[in-house]
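Order of the sequence lines fixes the chain letters, A, B, ..., with proteins taken first and strands second; residue numbering starts at 1 for each chain.
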Amino acid sequence: MAEDYNFYDNVYDVVRQIPKGRVTSYGAIASYLGAKRSSRVVGYAMQVAGSANPPVPAHRVVNRSGLLTGKFHFGGNTMQDLLESEGVEVKEDQVQNFKALFWDPAIELEL
DNA sequence: GATTTGACAGATT
DNA sequence: CAATCTGCCAAAT
């Protein structure tokens with residue numbers, strides 16, 4: 001049981017560790033997993049996350065621009081509503097003060 | 001088993 | 001400085 005670790009499952013694990021009121025980017029997660037070029041795969045995992053159990057806080061995962069890419073998958077403004085509910089300022093599907101709210105696993109989980 | 005797509009990122013023009 | 005194109009890796013069909 002060495003291959004039980006999938007890139008996919010690993011992504012969920014990191015996303016679940018995102019503290020409330022914080023956001024991260026696909027590249028940050030991918031980079032933390034050692035596949036910074038696989039940022040797209042991370043996003044794909046999020047798609048299935050909507051079907052995953054327990055569902056990962058994908059609403060805390062945005063692209064490197066802080067843009068709520070994928071809100072479409074949530075089914076409306078659910079993503080933005082959740083972020084605002086956690087104290088994250090979202091304007092036009094874009095995380096405000098993104099840089100300050102940016103949660104980098106490669107740094108936060110570093111210790 | 002091979003091909004296509006993909007919630008991106010980074011480099012280049 | 002802003003917009004555009006390519007690149008990369010893995011999962012899904």
Find the distance [X]:[atom1] to [N]:[atom2] and express it as a whole number of Å.
{"X": "Lys36(A)", "N": "dA10(C)", "atom1": "NZ", "atom2": "P", "answer": "14 Å"}
{"X": "Phe7(A)", "N": "dA11(C)", "atom1": "CZ", "atom2": "C1'", "answer": "11 Å"}
{"X": "Tyr8(A)", "N": "dA11(C)", "atom1": "OH", "atom2": "P", "answer": "9 Å"}
{"X": "Arg40(A)", "N": "dA9(B)", "atom1": "CZ", "atom2": "P", "answer": "10 Å"}
{"X": "Asn10(A)", "N": "dA11(C)", "atom1": "CG", "atom2": "C1'", "answer": "15 Å"}
{"X": "Asn63(A)", "N": "dC8(B)", "atom1": "CG", "atom2": "P", "answer": "6 Å"}
{"X": "Gln47(A)", "N": "dT5(B)", "atom1": "CD", "atom2": "C1'", "answer": "10 Å"}
{"X": "Arg64(A)", "N": "dA11(B)", "atom1": "CZ", "atom2": "C1'", "answer": "11 Å"}

So, with a heavy-atom separation below 4.0 Å from DNA chain B, the residues of residues 93-102 of chain A are none
Numerically ordered, the residues 21-33 of chain A set in heavy-atom contact under 4.0 Å with DNA chain B is Ser25(A), Tyr26(A), Gly27(A)
Margin query: Under a 4.0 Å threshold between the charged nitrogen and the carboxylate oxygen, would Arg22(A) count as salt-bridged to Glu108(A)?
Written below: no
Measure from the side-chain N and O atoms of [X] to the backbone N and O of [Y], and report whether any donor-acceptor pair falls under 3.5 Å.
{"X": "Asn6(A)", "Y": "Tyr8(A)", "answer": "no"}
{"X": "Ser25(A)", "Y": "Ala28(A)", "answer": "yes"}
{"X": "Tyr26(A)", "Y": "Lys36(A)", "answer": "no"}
{"X": "Ser31(A)", "Y": "Ile29(A)", "answer": "no"}

- request: Scan Ser39(A) against the nucleic acid and name what it touches under 4.0 Å (heavy atoms): base, sugar-phosphate only, or nothing.
  value: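 Base, at least one base atom sits under 4.0 Å.
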Check every strand shown and say whether Ala58(A) touches a base, only sugar-phosphate, or nothing at a heavy-atom separation below 4.0 Å.
base
> Can you name the closest pair of heavy atoms from Ala30(A) and Phe7(A) and give their distance?
Replying inline: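 Closest approach of Ala30(A) to Phe7(A): CA-CZ, 4.5 Å.
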task: For Val48(A) and for Ala35(A), locate the closest nucleotide of DNA chain C by heavy-atom distance; then report the residue assigned to the nucleotide nearer the 5' terminus.
output: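 In this pair, the answer is Ala35(A).
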dist Leu82(A):CG -> Asn77(A):CG (nearest 0.5 Å) comes out at 9.0 Å
Exercise. Roughly how far apart are Arg60(A) CZ and Lys20(A) NZ, rounded to 0.5 Å?
Worked result: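 NZ of Lys20(A) is found 8.0 Å from CZ of Arg60(A).
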By the Watson-Crick or G-U definition, both distances under 3.5 Å, dG1(B) is matched with none
**Asked** If you measure from the P atom in dT13(B) to the same atom in dC8(C), how many Å do you get, rounded?
**Response**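 Going atom to atom, P in each nucleotide, I get 16 Å.
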For a quick test of your reading: what N or O donor-acceptor pairs under 3.5 Å do the side chains of residues 91-100 of chain A make, sequence neighbours left out?
unit_1	atom_1	unit_2	atom_2	d
Asp93(A)	OD1	Lys71(A)	NZ	3.1
Asp93(A)	OD2	Lys71(A)	NZ	2.5
Gln96(A)	NE2	Gln94(A)	O	3.1

